[in-house]
Peer 1: 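For reference, the structure I am asking about is given below.
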Amino acid sequence: MTLTPAHIDSPSVWTDARLLYALEEVVEKELNRHLKVARDWMPHEYVPWSDGRNFPGFFEDGEAWDKEQSKVTEVGRIALVVNLLTEDNLPSYHHEIASLFGRDGAWGTWVHRWTAEEGRHGIVMRDYLLASRAVDPDKLEQFRMSHMSEGFESDNRHSMLHSIAYVAFQELATRISHRNTGHQSGDPVCDRMLARIATDENLHMVFYRNLLKAAFELAPDLTMQAVRDVVVNFRMPGHGIPGFERAAAQMAIGEVYNMRIHHDDVLQPVLRFLKIMEIDGLGPEGLKAQEELGVFLGGLDAEARKFDEKLAARKARMAARAAG
């Protein structure tokens, strides 16, 4: 990475094209590391095919769906639909990152490898949901058509640095969401499947997190501003799913994903790795972004504390009703 000295840090020097070139060495190194540690796995091996049976339609023996046919909990069902519909938009995600990162060299190899690995997640989740009858298949398909027909446009498509910062957090958020969904699903088969998916998501997070660290070494001010913007304005990629806000609220109460989890298990691990508040040598804009990031995190922690108190009170009320 000898394109320009690390202390030169201004938009006029660090265009997206120059950053792509300067970071390609790191991308190649991280790609090789990823390929060494990533393990191929077969989606069909995680699906309880023996539980499957025909649905109504063309089959005379088809059996209509009923939620009592599955052992999956209500919050597990809600989270599984959100998680799968998020994975379904993979064509749009591929278009976004291929447009930003390109299809050539190490960048292009990573884009295609990432897409192939993410494709498995949608395959195995849909097969599991249909074989186990965990969700209404008609509604699932209607949601898929509605969600994918809208497409997807990233909030960070204007900047490569913002995009790298976003996926570093988003991949970890997805891992946590999948893992907690498995824990709350009530089905060991589902838990095992989502644990396998979460392993992939963690490796993807490590790739982007390490790339983000390299970006700090090259362009600390611009990278700090990108991290600030992404953290302050963070939204999950599935925010356009029909009924997302209601589903997100139910997932928060069900402890699949909420403010406390977002602060403690998603933002903090990445920020600690980057030693974000210890980075020095920043210019005025970088220092401002660092300070604003600290203020935001303090406010988010306070909001999470209020949510924790409300959730604890809700649990106490439910326990009292059950005992009475």
Side-chain angles (χ1 to χ4, degrees), residues 11 14-24 26-28 30-31 34 38 82-123 125-126 143-178 197 200-212 214-215 219 222-223 225-242 244 248 266 270:
W14 285 120
T15 62
D16 274 4
R18 285 173 177 250
L19 278 166
L20 280 168
Y21 179 79
L23 287 170
E24 179 139 19
V26 182
V27 172
E28 185 174 5
E30 290 302 314
L31 173 63
H34 176 84
V82 170
N83 292 352
L84 174 57
L85 293 178
T86 299
E87 299 284 0
D88 273 334
N89 246 342
L90 184 61
S92 289
Y93 306 150
H94 174 84
H95 174 75
E96 289 269 335
I97 66 170
S99 298
L100 278 166
F101 301 154
R103 295 176 173 83
D104 300 319
W107 281 105
T109 302
W110 168 252
V111 166
H112 297 310
R113 174 72 189 199
W114 175 88
T115 303
E117 291 184 3
E118 288 287 342
R120 284 180 176 146
H121 303 167
I123 290 169
M125 289 178 68
R126 175 166 281 100
F143 284 153
R144 187 191 70 84
M145 286 296 296
S146 175
H147 185 44
M148 290 193 68
S149 295
E150 292 295 321
F152 173 80
E153 286 191 344
S154 169
D155 295 333
N156 303 287
R157 63 189 179 279
H158 63 287
S159 158
M160 193 199 75
L161 271 181
H162 282 71
S163 296
I164 292 174
Y166 175 74
V167 288
F169 294 105
Q170 181 266 320
E171 292 283 5
L172 183 52
T174 305
R175 172 208 163 190
I176 295 297
S177 180
H178 282 312
I197 292 174
D200 281 359
E201 302 290 8
N202 195 62
L203 290 177
H204 297 164
M205 178 276 293
V206 170
F207 178 95
Y208 288 118
R209 182 198 66 185
N210 293 350
L211 199 56
L212 188 58
L222 291 177
T223 307
Q225 292 172 72
V227 169
R228 184 240 359 241
D229 294 345
V230 164
V231 169
V232 170
N233 301 298
F234 186 87
R235 295 195 297 176
M236 290 292 272
H239 60 80
I241 291 170
F244 178 78
V266 176
V270 175

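Reckoned from all heavy atoms, side chains included, excluding hydrogens, waters and symmetry mates. What you are looking at is a predicted structure, and each value in this text was computed from that prediction instead of being measured.
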Peer 1: Please work out which of the three classes, parallel, tilted or perpendicular, describes the rings of H34 and W110, given edges at 30° and 60°.
Peer 2: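 The arrangement is perpendicular - the two ring planes meet at more than 60°.
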Peer 1: Sequence neighbours excluded, which residues qualify as side chain to side chain contact (heavy atoms under 4.5 Å, CB included) partners of T86?
Peer 2: V82, Y93, P237, I241
Peer 1: Return yes when atom CD of E117 has more than 12 non-hydrogen atoms of other residues, nucleotides or ligands closer than 6.0 Å, and no otherwise.
Peer 2: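 Buried by this count: over 12 neighbours within 6.0 Å.
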Peer 1: Are any of the side-chain heavy atoms of S163 and I97 separated by less than 4.5 Å?
Peer 2: no
Peer 1: For H147 and D88, which I'm curious about, is there any donor-acceptor pair between the side chains at under 3.5 Å?
Peer 2: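 Looking only at side-chain atoms, D88 and H147 do not form any donor-acceptor pair under 3.5 Å.
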Peer 1: Below 4.5 Å, heavy atoms only, C-beta onward: do V270 and V227 meet side chain to side chain?
Peer 2: no
Peer 1: Report yes if the side chains of R113 and F207 come closer than 4.5 Å at any heavy-atom pair, otherwise no.
Peer 2: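 Sidechains of F207 and R113: no contact.
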Peer 1: How long is the straight-line distance from NE2 of H178 back to CG of N202, given to the nearest 0.5 Å?
Peer 2: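 Going from CG on N202 over to NE2 on H178, the span is 12.5 Å.
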Peer 1: Rounded to the nearest 0.5 Å, how far apart are CD of E171 and CG of D200?
Peer 2: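 Reported value, rounded in 0.5 Å steps: 9.5 Å.
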Peer 1: Taking all heavy atoms of P242 and all of S146, pick out the closest pair and write down the distance.
Peer 2: CG-OG, 3.6 Å
Peer 1: Do the non-hydrogen side-chain atoms of M236 and H239 ever get within less than 4.5 Å of each other?
Peer 2: no
Peer 1: Could you state the interatomic distance from CH2 (W107) to CG (L20), rounded to the nearest 0.5 Å?
Peer 2: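 It is 5.5 Å, given to the nearest 0.5 Å.
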Peer 1: Atom NE2 of H94 and atom CD of E118: how far apart are they, to the nearest 0.5 Å?
Peer 2: 12.5 Å
Peer 1: Might you point out which heavy atoms bring A165 and V230 nearest each other, and give the distance in Å?
Peer 2: CB-CG2, 3.9 Å
Peer 1: Can you tell me if CG on N233 sees more than 12 non-hydrogen neighbours from other groups inside 6.0 Å?
Peer 2: yes
Peer 1: If we ignore angles and hydrogens, is there a donor and acceptor under 3.5 Å between the side chains of Q170 and T174?
Peer 2: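 The answer is yes; a qualifying pair exists.
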Peer 1: Ring centres of Y208 and F169 under 6.0 Å apart?
Peer 2: no
